[in-house]
Amino acid sequence: MATFRAPRGTRDLLPAERPTWQRLETLAADLARRYGYRQIETPIFEESALFERGIGDVTDVVEKELFRVLPSRGEERERWALRPEPTAGIVRAYLQHGMHTLQQPVRLTLLGPMFRYDRPQAGRYRQFWQFDVEAIGDPGPAIDAEIIELAHRFYTEAGLTAVSARLNSIGDAICRPGYLATLRAYFEPHAAELPEEERERLATNPMRLLDSKDPRMAALVAAAPRITDHLCAPCAEHFDAVRRHLDTLEVPTVLEPALVRGLDYYSRTCFEFYREGAEGQQQALGGGGRYDGLVELLGGRPTPAIGFGLGLDRVVLALAAQGVASVPMERPAAVIVGADPADTPTRLRIATNLRAAGFSARADLAERKLARQLEGAAREGAHFAVILGDELAGGQVQLRDLEAGTQRLVNLADLPRELSRAQRQHHHGA
RNA sequence: GUGGCCUUAGCUCAAUCGGCAGAGCAUCGGAUUGUGGCUCCGAAGGUUACGGGUUCAAUCCCCGUAGGCCACCCCA
C-alpha cells in the first residue's frame, strides 16, 4: 500500500490520458491563435485581497473555497491564495503592465490549473484546469458574440455534440437594483412559505432564488418577474444585439432568464455551456460573461471587458460520456533489440542516431531474451524493430516490420534512410 | 460546509453463520539461451484504507479518522 496519496481532490494525469489532454490543449492554443487572442501566464497564487476584492468577499468562492497559502517563513506578512479563477489575475496583469496603452480591446488567453477548496466529486476537483479567454476594453455586443462563438467552436472541434449556450443578461448598476427590489417585493409575501434556506437568500441574493432546485419553488419561480423584462434601455439594446450577432454566427443559444453567475463582478451578458441530456450534476462545461466594473474595482480606469472560462476536466469527462475515443499514446517508430549484452553500446548509438534523424526510437536496455524484447516492442505498438545479431560484424542489422512480420538486412549506415522508406511504404501499403 | 453509500493485490472483483485471504487481468521469469502479441508452467505481489473496541477468534460486528462516489451548497 502506498504511503502517500495525491492530496484530496487532486489526481495524476497518467500517460494513457495525457494525449487526450494534449489534444485539447493544442486545440485551445490554436483556437486562441486563430481568433487573435495572445497567450499570457500569470502566477498560480496572488494576494488574497485580489480575489477578495475582485471576486467579492461574500461569494462562496472566496468565503469557503479559497485555497489560502501561508508562507513558511514568518517575515512575510501578506497572505496569499491559490487562484480559484483566472480573470482577477489577468486583469491585475493588464493594470500592472499598462495594457490600456495597447490597442483596445486587449485579447488574452490562458490555460492552466485553478484551485478551489471544496468537497470533491466526479468532475469537481480541488485542482482543475481551465482554458480562458478575455477581451478587455471593448464595450460592444459584437465582442460578446465573438467570445461565445469561440467557446462554442472549442466544444464542437473537440468533438462534443449537442452543446448549447444558455444566455441571459443580468443588467448593470443602473437597472439591476430596481429589478432586485421588484424581485424582493414579489417573493416577500410568500416568505413564510419558503424553505428556510431560500428565505435567507431572499435577503442576501434574491436572484439565486430563481435557479433553486427545490421543487416547492418551481411554481413560484416560473411566475417570477424576469430580469430581461426589467433591463434599462442600453442594457436591453446590448442584449438584443448580442442575440442578433449570435444568430449571424449560427451559435445555438437558449435564453435562460434564471441564469445567474456565481461571481460578483459580472454585468449584462452572462452565459454557460451545457451538454444536452448529460447525466450527473457537474454538467456546466464552461461559462463567462461581461464584467464592466472589475477593472475599475481593481484600481484602473473604468474599462469594459468580457471573458470566458472552460473546464477541461469536464470536457474530458463529457467526451468519454459521449463515447469519443481517447487519443492513443505515441507509438515508437523503432525499438532496437539484441540478445548480446556486449552490444549495448551499439544499441545506444543506433537509437541516438535514429532520434537525431527525427524518429521516435528506444533501445531495449534490459538484459533479457530476444523474444521478450520483441514482445515488449510489439506490445507498445512499435512499427519496426532493429535486431542486432551476428550480422553486426559485417556492419549490418535486421530491420523487422512488426506488423507485417517481415524483415530484411540493411547496412547500419543506411538505417535512417531505410527506416524512413519502410515507413512510407507502410503508410501507402496499409 | 450538510446528509447518504462505499473502501479486500497495480486493476476488476470473490471469500458460507465471525473460523488458515482467493481468482482473472496486469508485472516478472521459464518452456534445450537469433525472432513478437497466442498457449502452457512458475514466481512475486496483502498490516483486508488507517487507528481503536467487542470476541477464544474480526475482511465480516461497533466507534473514530482518511479517501472515493452520490445528493445538497456552489460551480468549471
Side-chain angles (χ1 to χ4, degrees), chain A residues 1-11 14 16 55 58-65 83-87 111-132 151 195-198 200-201 204-205 208 211-214 259-263 272-275 279-288 308-318 335 337-341 343 364 366-392 397-407 409:
Chain A
M1 207 60 199
T3 309
F4 294 106
R5 303 173 46 89
R8 182 172 201 197
T10 71
R11 65 232 166 93
L14 300 175
I55 297 171
V58 296
T59 57
D60 276 20
V61 168
V62 166
E63 250 179 3
K64 61 177 202 187
E65 296 172 5
R83 62 183 180 196
E85 53 83 47
T87 306
L111 188 152
M114 305 295 154
F115 304 84
R116 289 185 197 175
Y117 191 80
D118 57 3
R119 197 150 156 180
Q121 237 171 282
R124 173 198 286 175
Y125 306 101
R126 288 183 171 180
Q127 176 177 354
F128 58 99
W129 275 263
Q130 273 195 6
F131 165 47
D132 182 79
E196 165 127 19
E197 258 181 28
E198 310 292 348
E200 279 168 27
R201 284 188 189 158
T204 58
N205 194 349
R208 281 270 164 230
D211 62 359
S212 167
K213 283 166 194 152
D214 195 313
L259 179 62
V260 181
R261 301 249 65 216
L263 311 182
E272 288 185 356
F273 283 90
Y274 285 84
R275 195 165 74 88
E279 313 231 336
Q281 292 306 297
Q282 270 63 53
Q283 306 171 16
L285 295 171
F308 166 77
L310 164 162
L312 287 173
D313 306 80
R314 290 188 182 175
V315 171
V316 170
L317 282 175
V335 175
V337 302
D340 188 351
D343 292 337
D364 195 306
E367 290 179 10
R368 50 181 184 166
K369 293 181 62 174
L370 189 62
R372 291 289 173 206
Q373 298 183 40
L374 282 167
E375 184 185 348
R379 278 172 48 173
E380 71 194 273
H383 294 98
F384 295 91
V386 175
I387 304 170
L388 278 57
D390 298 335
E391 307 89 342
L392 207 51
V397 292
Q398 296 283 0
L399 179 59
R400 180 172 180 83
D401 183 330
L402 289 172
E403 280 157 44
T406 58
Q407 68 186 36
L409 223 43

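What's counted below: heavy atoms across the whole structure, side chains too, no hydrogens, waters or symmetry copies. To find a chain, count down the sequence lines: A is the first, B the second, and so on, and within it residues start at 1.
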Separation of A:D390 CG from A:Q398 CD (nearest 0.5 Å): 10.5 Å

Of the listed nucleotides B:rG36, B:rG34, B:rC75, the one nearest the side chain of A:E391: B:rG34

Close side-chain approach of A:L310 to A:L312, heavy-atom, < 4.5 Å: yes

Phosphate OP1/OP2 of B:rG68: any A:Q121 side-chain N/O under 4.0 Å: no

Under-3.5 Å donor-acceptor pair between A:R314 side chain and B:rC75 base: yes

Distance test, side-chain N/O of A:K369 to OP1/OP2 of B:rG36, below 4.0 Å: no

Heavy-atom donor-acceptor pair, A:R119 side-chain to B:rG3 base, under 3.5 Å: yes

A:R400 CZ to B:rG34 P, straight-line distance once rounded to whole Å: 15 Å

Sugar-phosphate, base or nothing in reach of A:G405, heavy atoms under 4.0 Å: base

Length of the CG-P vector between A:D364 and B:rU35, whole Å: 15 Å

Rounded distance [0.5 Å steps], OG1 in A:T406 versus CG in A:L399: 8.5 Å

Nearest-angstrom distance from the residue atom CZ of A:R368 to C1' of B:rA43: 17 Å

Polar side-chain contact A:Q373-B:rU35 base: donor and acceptor under 3.5 Å: no

Separation of B:rU35 C1' from A:L409 CG (nearest whole Å): 14 Å

Pairwise 5' ranking along RNA chain B for A:A339 and A:D118, keeping only the more 5' one: A:A339

Sugar-phosphate only, base, or nothing, as touched by A:D390 at under 4.0 Å among non-hydrogen atoms: base

Pairwise P distance for B:rC17 and B:rC62, with rounding to whole Å: 16 Å

Sugar-phosphate, base or nothing in reach of A:G389, heavy atoms under 4.0 Å: base

Between B:rA58 and B:rU16 - P atom distance, rounded Å: 16 Å

Donor + acceptor pair across side chains of A:E85, A:Q130 (<3.5 Å): no

Sub-4.5 Å side-chain heavy-atom contact between A:R5 and A:R11: no

Sugar-phosphate, base or nothing in reach of A:G9, heavy atoms under 4.0 Å: sugar-phosphate

C1'-based separation of B:rC70 from B:rG29 [nearest Å]: 44 Å

Sub-4.5 Å side-chain heavy-atom contact between A:D364 and A:L374: no

P spacing across the pair B:rA44 / B:rU35, given as an integer number of angstrom: 29 Å

Interatomic distance where CZ belongs to A:R126 and P belongs to B:rA76 [whole Å]: 18 Å

Check: A:L388 and A:D340 side chains under 4.5 Å, non-hydrogen atoms: no

Nearest-Å distance for atom pair CG/P, residues A:D343 and B:rG34: 12 Å

Atom pair CZ (A:R83) and CZ (A:F115), whose distance is rounded to the nearest 0.5 Å: 7.0 Å

Residue whose nearest RNA chain B nucleotide is more 5′ - A:G381 or A:T10: A:G381

Touch class at under 4.0 angstrom, heavy-atom based, for A:E65 against every strand present: sugar-phosphate

Under 3.5 Å: donor-acceptor pair, side chain of A:R116, backbone of A:Y125: no

Pair assignment for RNA chain B - dot-bracket with | for other-strand partners, Watson-Crick or G-U under 3.5 Å: (((((((..((((.....[..)))).(((((.......))))).....(((((..]....))))))))))))....

Sugar-phosphate only, base, or nothing, as touched by A:A371 at under 4.0 Å among non-hydrogen atoms: sugar-phosphate

P atoms of B:rG4 and B:rC63, separation to the nearest Å: 12 Å

Rounded P spacing from B:rU2 to B:rU65 in Å: 11 Å

Length of the line joining A:R372:CZ and B:rG29:C1', which is rounded to integer Å: 7 Å

Sugar-phosphate only, base, or nothing, as touched by A:E380 at under 4.0 Å among non-hydrogen atoms: nothing

Base of B:rG37 paired with side chain of A:E403 (donor-acceptor, under 3.5 Å): no

P spacing across the pair B:rA23 / B:rA43, given as an integer number of angstrom: 10 Å

Euclidean distance for C1', B:rU32 against B:rG37 (whole angstrom): 24 Å

Under 3.5 Å: donor-acceptor pair, side chain of A:Q373, backbone of A:R368: yes

Nucleotide nearest A:E375 when distance is taken to its side chain, options B:rG34, B:rG37, B:rC75: B:rG37

Nucleotide nearest A:A378 when distance is taken to its side chain, options B:rC69, B:rG37, B:rA76: B:rG37

N or O in side chain of A:R5 less than 4.0 angstrom from B:rA66 OP1/OP2: no

